[in-house]
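Encoded as structure tokens, the structure appears first; notes follow it.
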Amino acid sequence: MDHPPSRTTSSDGLKETWRHALVLSFQTLGVVYGRLSTAPLYVFGTIQTKDFKSNEIAYEYFSFIFWTLTVVSLLKYTFIVLRADDNGEDVPVPSACVITVCLFILQHYVYMYRFVRNINKDRWKSLGSILLCTAGSETMFTDLGHFPKRSIKITFVCLIYPVLILCYAGQAAFISKHWNGPENFNHLSESIPKHLRHVFILLSLLASAVGSQATIPASFSIINQCRALSCFPRVKVIHTSDKRHGQVYIPDVNWLLMALSLSITLGFHDITRIANAAGMAIVFGMIVTTCMMSLVMALYWEKSLFISGFFLMFFGFVEAVYVSACMLSFHKGAWYLFVLSAVSFTIMLAWHYGTMKKYEFDLQNKVSTEWLTDYSPGLGVSRVPGIGLIYTDIVMGIPAFFSHFITNLPAFHQVLIFVSFKPQPVPCVPPSQRYCVGRVGGKDYRIYRCIVRYGYCDQVRDTDDFEEQIIGSIGEYISLDESDCESLTSPEGRMVIVGTPLLEGHALIPVDDTNLVSGSTNAANNETLAIPVGDLIGRNTPVRRKKVRFLIPESSPRLRESVRDELQELINARESGTAYFLGQSHLTVRNGSNFFKKFLIMAYVFLDKNCREPPVALNIPHAALVEVGMVYII
């Protein structure tokens with residue numbers, strides 16, 4: 001008799017969920033909020049001492065900090081932007097009302113009005129320093145791949161936000177009592193007792209180091225997303241978690257960030273110039289977020305134009321104020337951001353443009369399967385022993401580089417397998433669901449297509465037995481194809497998922513070379529040839545030893561004669577050797593193209609030659625690799 005789920009079990013699961021959320025909330029202190037939490041070290045410190053002309057000025061600056069943190073960090077990012085990944089909920093009305101009432105109770109006298117009433121150029125320029133109090137707010141959203149929304153919100157609302165307000169309030173109170181200090185008077189360090197200042201300096205350095213950790217993982221996440229959208233060159237991405245998709249580490253970007261940080265530190269020699277550049281980066285990031293969120297509200301959440309327009313106008317006005325303040329310091333460090341942004345945008349645009357044009361060329365110049373199966377024999381194309389593995393990004397038709405190869409060298413292997421890799425947004429794809437196999441043409445042509453699906457933690461392209469897995473999946477498909485001919489015989493475009501263990505005697509038997517016996521079926525010599533393109537024109541080839549060989553069950557009534565013949569032909573082809581075909585593109589610009597197009601293609605070619613090789617090419621034996629060069633006229 002089935003028992004209903006007990007309340008204790010449900011309670012334990014709830015406790016475990018909250019315990020996990022609290023642990024992740026603690027971890028967000030350094031990874032997500034490290035930069036935001038260290039902002040008090042330099043917000044007031046980057047304001048010129050001469051700007052504090054009375055004790056009231058400190059409270060006016062604090063009022064701006066208070067409202068900026070509340071409106072931008074708390075309201076915009078915590079309660080609105082984070083919900084862009086939560087099926088489109090708005091801010092909860094009761095929560096928003098409670099926060100609004102509390103804010104007005106706390107702000108009994110609004111000093112910000114005095115600041116605006118007595119505004120001048122110097123005071124307006126100092127708003128660029130006030131903006132630094134929100135530095136790191138954007139990491140709440142960019143680090144969603146590292147931590148869940150619940151942990152990020154709990155940490156900010158319950159700890160980060162109130163502690164930051166108290167910290168800035170304490171600094172403002174100290175400055176109001178010592179506003180007439182000497183030039184370059186450091187209010188923060190002077191507020192610390194003298195016998196503790198060395199400890200304070202050490203803790204500040206450690207906090208700054210931890211704070212940088214908030215920006216670095218966010219950069220990894222953004223670049224990984226850009227790479228997935230074909231907007232960034234190939235880089236090595238290491239997934240540090242098998243549970244969360246977004247936890248990644250990119251070594252190349254890590255070194256690049258180090259070089260850029262050192263160049264800024266050594267080049268500027270001044271915290272004010274660095275703050276000006278940082279402020280410009282922060283405010284433009286906020287503007288982009290506001291514009292994108294207004295589109296999300298109108299198009300994805302399907303809110304009224306009034307709501308999305310109000311969001312855009314309200315936050316856009318707040319950010320426009322800070323943009324105008326930052327532009328006053330353009331010549332004092334903020335120009336560096338524009339230079340860096342221009343370089344980054346050029347790299348991303350060139351890579352995306354080149355990738356898309358290359359893919360369009362492949363689609364437009366691919367040939368039909370009939371060209372390979374029906375027309376090529378009439379053109380004198382011959383079949384040679386062995387297996388040809390053709391790696392391609394397209395999953396329909398024959399890639400242009402392979403038809404180019406056959407046109408110039410009219411021969412291909414007796415068994416052809418078109419292999420494509422398709423990433424999936426999961427940690428691992430089980431072997432029973434990894435391979436999708438189908439035929440290209442009829443059975444007599446012995447041409448197959450295999451799509452390999454893999455997760456972000458799978459290393460299917462780096463394993464030494466990848467060839468054996470492909471051959472095994474083809475053998476399983478052949479057995480399944482015959483066992484249910486009508487339902488599983490797949491024309492071009494339809495694939496069958498293989499990988500489920502078959503009954504004994506239905507599939508190929510993988511056997512190590514050392515375990516082969518003389519009486520086994522098809523027991524040829526223990527060494528097989530790895531055949532590059534030179535074999536097709538009569539050139540000698542090196543010999544390598546296979547780890548695994550395949551056998552057909554000697555006596556199995558379940559296998560029909562046609563299946564046994566096709567499996568035997570697959571084994572014989574594998575024994576003759578395997579060649580790996582890769583397309584090597586050479587992009588060139590069509591005559592008469594404009595300068596902008598020429599520049600983008602030239603930049604793409606430079607990046608393509610100097611970034612990492614495609615992952616599929618990393619572990620292919622050089623003796624068996626055939627790279628087919630082809631000119632792409634864009």
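The figures here come from the full heavy-atom set of this structure, side chains too, leaving out hydrogens, waters and symmetry mates. If you read the sequence from its start, that first residue is 1, and numbering goes on from there.
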### Query
Any side-chain donor-acceptor pair under 3.5 Å between T290 and K76?
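Yes, because at least one side-chain N or O of T290 sits under 3.5 Å from a partner of the opposite role on K76.
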[X]/[Y] aromatic ring centres below 6.0 Å:
{"X": "Y61", "Y": "Y168", "value": "no"}
{"X": "F220", "Y": "Y249", "value": "yes"}
{"X": "W351", "Y": "F232", "value": "no"}

Heavy atoms only: give me the nearest [X]-[Y] pair and the separation to one decimal.
{"X": "Q171", "Y": "P40", "answer": "NE2-O, 3.2 Å"}
{"X": "A603", "Y": "A350", "answer": "CB-CB, 3.7 Å"}
{"X": "S137", "Y": "L36", "answer": "OG-CD1, 3.7 Å"}
{"X": "A173", "Y": "Y59", "answer": "CA-OH, 4.4 Å"}
{"X": "V43", "Y": "I130", "answer": "CG1-CA, 4.3 Å"}
{"X": "E138", "Y": "Y77", "answer": "CA-CE2, 3.8 Å"}

### Message
Strictly by side-chain hydrogen bond (donor to acceptor under 3.5 Å, both in side chains), give each pair with a member in residues 191-205 just once, sequence neighbours left out.
### Response
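Found E190-R197.
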Spacing of [X] atom [atom1] and [Y] atom [atom2] [to the nearest 0.5 Å]:
{"X": "M280", "Y": "L131", "atom1": "CE", "atom2": "CG", "value": "10.0 Å"}
{"X": "L202", "Y": "L196", "atom1": "CG", "atom2": "CG", "value": "12.5 Å"}
{"X": "M348", "Y": "S344", "atom1": "CE", "atom2": "OG", "value": "8.0 Å"}
{"X": "L600", "Y": "K598", "atom1": "CG", "atom2": "NZ", "value": "13.0 Å"}
{"X": "K332", "Y": "T272", "atom1": "NZ", "atom2": "OG1", "value": "9.0 Å"}
{"X": "M297", "Y": "F311", "atom1": "CE", "atom2": "CZ", "value": "4.5 Å"}

Return yes when atom [atom1] of [X] has more than 12 non-hydrogen atoms of other residues, nucleotides or ligands closer than 6.0 Å, and no otherwise.
{"X": "D270", "atom1": "CG", "result": "yes"}
{"X": "F200", "atom1": "CZ", "result": "yes"}
{"X": "M313", "atom1": "CE", "result": "no"}

Classify the ring geometry between [X] and [Y] as parallel (under 30°), tilted (30 to 60°) or perpendicular (over 60°).
{"X": "F66", "Y": "F62", "value": "tilted"}
{"X": "F599", "Y": "F595", "value": "parallel"}
{"X": "F268", "Y": "W335", "value": "perpendicular"}

### Message
Between R612 and D252, does any NZ, NE, NH1 or NH2 come within less than 4.0 Å of an OD or OE carboxylate oxygen?
### Response
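A salt bridge is present here (some side-chain N lies under 4.0 Å from a carboxylate O).
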Answer yes or no: is there a donor N or O on one side and an acceptor on the other, between the side chain of [X] and the main chain of [Y], under 3.5 Å?
{"X": "N610", "Y": "F606", "answer": "yes"}
{"X": "H178", "Y": "F174", "answer": "yes"}
{"X": "T265", "Y": "L262", "answer": "no"}
{"X": "T38", "Y": "R35", "answer": "yes"}
{"X": "T355", "Y": "H352", "answer": "no"}

Side chain proximity check, [X] to [Y], heavy atoms < 4.5 angstrom:
{"X": "I347", "Y": "L607", "answer": "yes"}
{"X": "I287", "Y": "V323", "answer": "yes"}
{"X": "F44", "Y": "I175", "answer": "yes"}
{"X": "Y353", "Y": "I601", "answer": "yes"}
{"X": "I634", "Y": "V589", "answer": "no"}
{"X": "F79", "Y": "V157", "answer": "yes"}
{"X": "F284", "Y": "F338", "answer": "yes"}
{"X": "Y336", "Y": "N276", "answer": "no"}

### Task
Could you go through the side-chain contact (heavy atoms from CB on, under 4.5 Å) check for F317 and L312 one step at a time?
CA-CA 8 Å; F317 173 77; L312 179 63; over 6 Å; no
### Message
Test of understanding: with side chain to side chain contact (heavy atoms under 4.5 Å, CB included), list the residues that count as partners of L295, not counting sequence neighbours.
### Response
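Testing L295 for side chain to side chain contact (heavy atoms under 4.5 Å, CB included), a comparison that skips the adjacent residues, returns M292.
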### Message
List the residues meeting side chain to side chain contact (heavy atoms under 4.5 Å, CB included) with T46, not counting sequence neighbours, and say none if there are none.
### Response
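Side chain to side chain contact (heavy atoms under 4.5 Å, CB included) check on T46 returns Y42, S129, L132, I271, A275.
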### Message
Does V248 form a side-chain contact (heavy atoms from CB on, under 4.5 Å) with T240? I'd like the steps, not just the answer.
### Response
CA-CA 6 Å; V248 296; T240 58; over 6 Å; no
### Task
Carefully, step by step, assess I238 and I250 under the rule side-chain contact (heavy atoms from CB on, under 4.5 Å).
CA-CA 6 Å; I238 300 174; I250 307 177; over 6 Å; no
### Query
Between S73 and F156, is a side-chain contact (heavy atoms from CB on, under 4.5 Å) present by the stated rule, with each step listed?
CA-CA 9 Å; S73 300; F156 185 80; 3.6 Å; yes
### Task
In sequence, state the C-alpha distance, the side-chain angles, and the governing distance for N224 and R227, and then conclude on side chain to side chain donor-acceptor pair (under 3.5 Å).
CA-CA 5 Å; N224 186 42; R227 187 184 64 89; 3.1 Å; yes
### Query
For the salt bridge (charged side-chain N to carboxylate O under 4.0 Å, His left out) test, which of R123, K53, R114 pairs with E60?
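That would be R123; it is the only one of R123, K53, R114 passing the salt bridge (charged side-chain N to carboxylate O under 4.0 Å, His left out) with E60.
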### Criterion side chain to side chain donor-acceptor pair (under 3.5 Å) on T68 and Y322, from CA distance to verdict
CA-CA 10 Å; T68 302; Y322 285 111; 2.4 Å; yes
